[in-house]
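Since the model is a prediction, treat every value here as computed from it, not as a measurement.
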Amino acid sequence: MNYVGLHVHTHYSIMDGVATPEEYVNRAVDLGMQAIAITDHGTLSGHRELHRIAKAKGIKPILGVEGYMTTSMADKRAKADRTDPLDQNYHHIVLLAKNQIGLENLNKINELAWTDGFFSKPRFDFDTLKKYKEGIIVTSACLSGWIAKAVELGELATAKRYIQWFKEEFGDDYYIEVMPHNPENVNKGLIDLAKSMSVKVVVTPDCHHSDTTQKEIQELMLILNTHAKLEKNVTYDKARKKGNFMERLDYMYGADRMMTFKDFDIHLLSYQEMKDAMLKQGIDNEEMFNSTIEIANKVEDYDIKDHMNLLPVQYKDPDKQLAELAWQGLNDKHLTAPWLGNDIYEQRLDEELDIIRNKKFSPYFLVVQSMIAWAKKEGIMVGPGRGSAAGSLVCYTLGITDIDPIEHGLLFFRFINPERNDFPDIDTDIQDSRREEVKDYLVKQYRHVASIATFLEFKGKGIVRDVSRVLNIPLPEVNKVLKHVDSWEDYCTSKITQDFRDKYPEVEMYGEKLRGRIRGTGIHAAGVVTSKQPIFKYAPLETRSVTGSDERIPVVAVDMEEAEKIGLIKIDALGLKTLSVLKDTLDIIEERYDKK
């Protein structure tokens, strides 16, 4: 094998990459590559997914990022105040984790980029990279990187100054990057510059989809993302006569539209495709291919663990503490044998505590109990409990729920099944006007707290709207057909949609290719996670904006299922408006009638 793909964007590069980590791994295996990298824009969200799939398929995962680098994270000048093309808000750079230390440093750099350096994009600066450089391999990135941009502008002195800094800090772990879709003069200028400064050149595909079958979807997604405007007087029927899909898009949106990938091959190219593309530019340099193997060989196995015990434990013996609280609660509720004349509650509590202890769930119950007890003490309204947690006597005795499961015949085993290893899920409703206070309490109590990211996919009826919008299908027709369906599956199978599907077959064809790909991110409505150590040690930490506010809050940048695999257990504190209304009502009654 003469080449490894080291600059790869998955669909975690939101609306810029198309392919999933699995599609890239499969393509790399088909091409005989010994390794495959992941370098999404400013995010590490796809790391664990690619790592897991690559290991299962027998090739080496290389975890990295195409980050946004700035001279100073404190520099937040507006774009209008920047006239020098080499003095922009950020420039691209690729960082690859060489080993476990490098992976932890990569996570830390990315966290700081989101928390301290965010300004339009998550940015880090030279000081940050220098501080956390151990175990990091650096490549100079694309035309949006400092070096390639300086060469393109003829600012060779500036390029040499930056190269010298990277050489001094990273030595042989710094490479100058060339790629087939760079202009020929830029690639040749980069190679000459690298030679003059004794830096190795590495060739990368800078790919955004896995193979040529995804090129049309890439262009469709780009038009959606850039909100490209239709040319005058274009119609679906006229466009359909224009030949292939790319020609249709040129007709509808202009062949000279601001952004297009139509003239670039940005899939994961084979060695021969890469070789031929570079030869077209008159570049025949086997060393740049050898550098990809050299980098892959430098990368060691990462120690990525699942199902770690990360819940914060503030007691030497959480099992003992939980049992004491539960038995005290049972006694306070007058449910012990001396009161009732039988020991049904004591037997049930013993049984539940034994299962919780054996499954090592005690810390989770203590964290939830602490949160709810604090909220009630502070006068914050908390719901009586919902879901399967209402079947737990332990939850009832701890004050987590207000429902007696024995009185109401509720089953504990619907909450925790002893034969499965699923973590229990306690959903707690909190007065929404004071939910942030509860979250602030968790931060003060346990320090390492974050919300959970969500990833929004192309799905449901929305796919029909998205594809129809790009194809300029008349909106009244789209609205009419969507009145009769509830899902993508309905659209594809319903007799009611048959005429529309026959008239516009591309909607189903491209919609199926688009379905399931990521189109955006959000914040889980209720879930937060806590950890006994800084979260970045185990998972990527980013920030998200809060609706109606300039505030950005920390989020663990994986979805709920992935967080649980890591060992970051979700604590649900759902803000419920009904509770706020009830609390306001009770406060008014107390104020007017002096009654609680």
Side-chain angles (χ1 to χ4, degrees), residues 8-30 46 49-50 53 207-228 236-237 239-240 242-250 252-253 260-262 265-268 454-475 477-521 559 561:
V8 178
H9 295 284
T10 74
H11 66 164
Y12 287 98
S13 290
I14 307 296
M15 294 296 283
D16 191 25
V18 168
T20 64
E22 183 171 17
E23 287 169 334
Y24 274 121
V25 169
N26 290 339
R27 169 73 173 167
V29 169
D30 290 343
E49 185 179 341
L50 182 123
I53 295 167
C207 49
H208 293 247
H209 48 269
S210 60
D211 57 46
T212 56
T213 65
Q214 295 180 334
K215 186 166 186 172
E216 292 176 346
I217 287 298
Q218 180 86 62
E219 196 70 12
L220 187 151
M221 193 182 288
L222 183 65
I223 286 171
L224 285 172
N225 192 37
T226 57
H227 306 286
Y236 170 84
D237 291 328
R240 195 171 185 180
K242 293 295 178 179
N244 66 40
F245 187 71
M246 291 299 185
E247 290 173 350
R248 291 174 65 178
L249 295 181
D250 284 349
M252 288 191 289
Y253 297 97
T260 177
F261 290 138
K262 62 177 181 170
D265 289 324
I266 54 171
H267 60 282
L268 183 54
T454 57
F455 294 94
L456 314 175
E457 298 176 347
F458 286 97
K459 65 178 183 179
K461 298 193 294 185
I463 301 173
V464 180
R465 290 196 182 279
D466 286 327
V467 178
S468 297
R469 186 182 307 128
V470 173
L471 296 177
N472 196 28
I473 295 172
L475 184 60
E477 291 188 55
V478 177
N479 290 338
K480 182 179 179 180
V481 76
L482 290 182
K483 284 181 180 179
H484 305 289
V485 298
D486 295 321
S487 66
W488 173 251
E489 289 74 16
D490 284 350
Y491 170 79
C492 294
T493 59
S494 173
K495 291 181 180 179
I496 297 174
T497 66
Q498 187 67 55
D499 289 344
F500 184 90
R501 285 185 286 126
D502 289 342
K503 186 176 181 180
Y504 305 114
E506 305 95 328
V507 173
E508 186 172 354
M509 180 176 71
Y510 291 115
E512 190 59 41
K513 293 180 179 179
L514 202 60
R515 187 164 68 109
R517 304 193 188 278
I518 297 172
R519 68 176 304 158
T521 63
D559 64 20
E561 289 76 17

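- Taking both residues in full, the closest heavy atoms of Leu475 and Arg465 are given as CD1-NH1, 4.0 Å, listed atom of the first, atom of the second, then distance.
- In terms of modelled atom types and a separation under 3.5 Å, the side chain of Arg248 and the main chain of Lys242 share no donor-acceptor contact.
- Screening Tyr491, Tyr510, Phe458 for a side-chain contact (heavy atoms from CB on, under 4.5 Å) involving Ile463 leaves a single residue, Phe458.
- Minimum heavy-atom separation, Gln218 to Asp16: NE2-O, 2.6 Å.
- Across all non-hydrogen atoms, the minimal contact from Leu224 to Arg469 is CD2-NH1, 3.5 Å.
- Considering only residues two or more places apart in sequence or on other chains, His11 meets the ring-ring contact (aromatic ring centres under 6.0 Å, His included) condition with none of them.
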Run the salt bridge (charged side-chain N to carboxylate O under 4.0 Å, His left out) test on Glu512 and Arg515 for me, step by step, so that the C-alpha distance in whole Å, both residues' side-chain angles and the decisive distance to 0.1 Å come before the verdict.
CA-CA 5 Å; Glu512 190 59 41; Arg515 187 164 68 109; 2.8 Å; yes

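- Minimum interatomic distance between Ala19 and Arg517 (heavy atoms only, all atoms of both residues): CA-NH1, 3.9 Å.
- Arg501 places a side-chain N or O within 3.5 Å of a backbone atom of Ser494 that can act as its donor or acceptor partner.
- Contact detail for Leu268 and Tyr24: the closest heavy-atom pair is CD2-O, 4.0 Å.
- More than 12 heavy atoms of other residues, nucleotides or ligands lie within 6.0 Å of NZ in Lys461, so this atom counts as buried by the packing criterion.
- Minimum heavy-atom separation, Lys503 to Glu477: NZ-OE1, 3.2 Å.
- Remark: Ile496 CD1 to Leu482 CG distance equals 12.0 Å, nearest 0.5 Å.
- Rounded to the nearest 0.5 angstrom, Leu456 CG and Thr521 OG1 are separated by 6.5 Å.
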Would His209 and Lys215 count as a side chain to side chain contact (heavy atoms under 4.5 Å, CB included) if you check the C-alpha gap in whole Å, the side-chain angles of each, and the deciding distance to 0.1 Å?
CA-CA 7 Å; His209 48 269; Lys215 186 166 186 172; 3.9 Å; yes

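- The side-chain heavy atoms of Glu49 and Ile53, taken from C-beta on, include a pair separated by under 4.5 Å.
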Full working for side chain to side chain contact (heavy atoms under 4.5 Å, CB included) between Thr497 and His484:
CA-CA 8 Å; Thr497 66; His484 305 289; 5.7 Å; no

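- Interatomic distance, Asp237 CG to Ile473 CD1, rounded to the nearest 0.5 Å: 10.0 Å.
- The structure places CG of Asn244 at 7.0 Å from CD of Glu216, a figure rounded to the nearest 0.5 Å.
- Using modelled atom types and a 3.5 Å distance limit, the side chains of Glu506 and Tyr236 yield a donor-acceptor pair.
- Screening Met221, Glu219, Met246 for a side-chain contact (heavy atoms from CB on, under 4.5 Å) with Phe261, the sole residue that qualifies is Glu219.
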Start with the C-alpha gap between Tyr504 and Leu471, add the side-chain angles, then the distance that decides, and say whether side chain to side chain contact (heavy atoms under 4.5 Å, CB included) holds.
CA-CA 9 Å; Tyr504 305 114; Leu471 296 177; over 6 Å; no

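- Here Leu220 contributes atom CG and Asp466 contributes atom CG; the two are 8.0 Å apart, rounded to the nearest 0.5 Å.
- Put simply, CG on Leu249 and OG1 on Thr260 are 8.0 Å apart, with the number rounded to the nearest 0.5 Å.
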